[in-house]
Amino acid sequence: MTGVAREPGERRAELADALARVRERIADACAAAGRAEDEVTLIAVTKTFPASDVRLLAGLGLTEVGENRDQEARPKAAECADLPLTWHFVGALQTNKARAVAGYADVVHSVDRSRLVRALSDAAVRAGRTLRCLVQVSLDEDVPDQERGRSGAVPKAVPALADEIAGADGLELGGVMAVAPLGADPLPAFTRLAAVAAEVRRAHPGAAVVSAGMSGDLEQAIACGATHLRVGTALLGGRRAIVR
Ligand SMILES: *Cc1c(COP(=O)(O)O)cnc(C)c1O
């Protein structure tokens, strides 16, 4: 799928090296922030990489896997059904995909509107599963609400959405998630996220997940209290551009 075919042992060694480097970055950032390493969970975002990589990562002790497109995630999760993995859906989600995603995802990071809460609740109930949901928060500032694409609820809409999730059948409120705005300093954005996360926790003390930090900004995310990191490139290597 990516690059030239190589010996499986070579890919395993490459992933093991990358994992060790990422774990070291996490350890250093936790030490700098005065946080315990076990407060931070690493999610490997395996989008565009094959199920064989997921299997190798599981063999290296990783238990959390993230994907952002249903059409890719569904068969991959099926191929890896024998592995003890938790599947995180981290991408923009259309309501008509809710049923499919509820079939294999354990955690949905991208819940940003009421309609999606209702669709996921119906889907989870039908599937007889409980879906952990995070409210995706838009951290773009100075962008009018109507121009913010699909990437998250505006901060002031988050508490009501969190209440809806907490009250929905088949769903469990996990906390919040965000992606730092492209090309801007991630620190002020993650600081704003921490404030939103604290507000959600005041109403829902168990909703302690703060999903923030990717390959390029995991240190800043840890400094601002992230509990879950979504790391793709730094673990798996560069992705080919996806043509939409
Ligand atoms: C792809 C993706 C990531 C991982 O990004 P990297 O920069 O490759 O680490 C994290 N979060 C979301 C929502 C993604 O789509």
Side-chain angles (χ1 to χ4, degrees), residues 1-3 14-15 17-26 29 40-51 53-54 57 60 62 64-74 76-77 85-94 97 101 105-113 116 120 131-140 148-153 158 174-187 189-190 193 196-197 209-224 226-244:
M1 201 177 198
T2 50
E14 194 171 69
L15 291 173
D17 275 357
L19 181 58
R21 280 196 301 271
V22 169
R23 292 237 187 262
E24 199 175 296
R25 284 176 62 189
I26 294 171
V40 177
T41 301
L42 174 62
I43 302 169
V45 179
T46 50
K47 65 189 184 198
T48 78
F49 290 92
D53 279 353
V54 177
L57 287 168
L60 293 166
L62 238 126
E64 314 293 314
V65 179
E67 286 283 333
N68 73 333
R69 286 161 72 239
D70 172 60
Q71 70 207 78
E72 181 184 348
R74 203 182 331 170
K76 218 181 278 184
L85 296 171
T86 297
W87 289 84
H88 299 257
F89 191 89
V90 303
L93 181 54
Q94 294 169 277
K97 296 282 171 64
V101 168
D106 300 290
V107 189
V108 178
H109 289 231
S110 46
V111 181
D112 60 358
R113 58 202 189 276
L116 186 55
L120 286 168
L131 279 184
R132 197 143 215 253
C133 292
L134 311 184
V135 180
Q136 184 172 353
V137 185
S138 167
L139 297 177
D140 295 324
R148 292 187 191 217
R150 312 133 288 160
S151 54
V158 172
V176 297
M177 173 273 209
V179 179
L182 210 63
D185 179 358
L187 259 187
F190 288 149
L193 177 66
V196 176
V209 173
V210 181
S211 167
M214 320 200 310
S215 295
D217 57 19
L218 66 88
E219 284 83 3
Q220 291 92 337
I222 288 172
C224 295
T227 64
H228 288 64
L229 310 173
R230 309 176 310 269
V231 178
T233 312
L235 281 175
L236 291 129
R239 292 179 292 270
R240 289 191 184 170
I242 296 175
V243 181
R244 291 176 195 271

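Nothing fancy with the numbering, it's 1 onward along the sequence. Just follow the structure's listing: the first ligand is 1, and inside any ligand the first atom is 1. Everything numeric here is computed off the predicted structure, so don't read it as measured data.
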Q: Do me a favour and list the nearest non-hydrogen protein atom to atom 10 (C) of ligand 1 with residue, atom name and distance?
A: Met214 SD, 3.2 Å
Q) Any idea which heavy atoms bring Glu64 and Thr41 closest together, and the distance? A) CG-CG2, 3.7 Å
Q | Top protein contact for atom 6 (P) of ligand 1, by heavy-atom distance | A | Ser215 OG, 3.5 Å
Q.
The test is side-chain contact (heavy atoms from CB on, under 4.5 Å); show your working for His109 and Ile43 and say whether it passes.
A. CA-CA 12 Å; His109 289 231; Ile43 302 169; 3.6 Å; yes
**Q.** Expected output: side-chain Asp17 to main-chain Glu14 donor-acceptor under 3.5 Å
**A.** no
Q: Mark the output for Arg239 as yes if a heavy-atom distance to ligand 1 is under 4.0 Å, and as no if none is.
A: yes
Which atom pairs, one a donor and one an acceptor, fall under 3.5 Å between side chains of residues 226-236 and the rest of the protein, sequence neighbours left out?
residue: Thr227; atom: OG1; partner: Val210; partner atom: N; Å: 2.8
residue: Thr227; atom: OG1; partner: Val210; partner atom: O; Å: 3.4
residue: Arg230; atom: NH1; partner: Ala178; partner atom: O; Å: 3.3
residue: Arg230; atom: NH1; partner: Ser211; partner atom: O; Å: 3.0
residue: Arg230; atom: NH1; partner: Ser211; partner atom: OG; Å: 2.8
residue: Arg230; atom: NH2; partner: Ala178; partner atom: O; Å: 3.1

Q: Would you mind checking which non-hydrogen protein atom is closest to atom 13 (C) of ligand 1, with the distance to 0.1 Å?
A: Val90 O, 3.4 Å
Q | Val179 vs Gln136, side-chain contact (heavy atoms from CB on, under 4.5 Å): CA-CA, chis, key distance, verdict | A | CA-CA 8 Å; Val179 179; Gln136 184 172 353; 4.3 Å; yes
Q) By number and element, which atoms of ligand 1 are closer than 4.0 Å to a non-hydrogen atom of Arg230? A) 4 (C), 9 (O), 10 (C), 11 (N), 12 (C), 13 (C)
Q) Considering only heavy atoms of Val231, which atoms of ligand 1 have at least one such atom less than 4.0 Å away? A) 9 (O)
Q: Please name all residues satisfying salt bridge (charged side-chain N to carboxylate O under 4.0 Å, His left out) with Lys97, sequence neighbours left out, ordered by chain then number.
A: none
Q) About how many Å separate NZ of Lys47 and CD of Glu72, when rounded to the nearest 0.5 Å? A) 9.0 Å
Q | Nearest-contact summary for atom 8 (O) of ligand 1 - protein heavy atom, Å | A | Thr233 OG1, 2.6 Å
Q) Where is the nearest protein heavy atom to atom 1 (C) of ligand 1: which residue, which atom, and how far? A) Lys47 NZ, 1.4 Å
Q. Looking only at N/O atoms, are Gly232 and ligand 1 under 3.5 Å apart anywhere?
A. yes
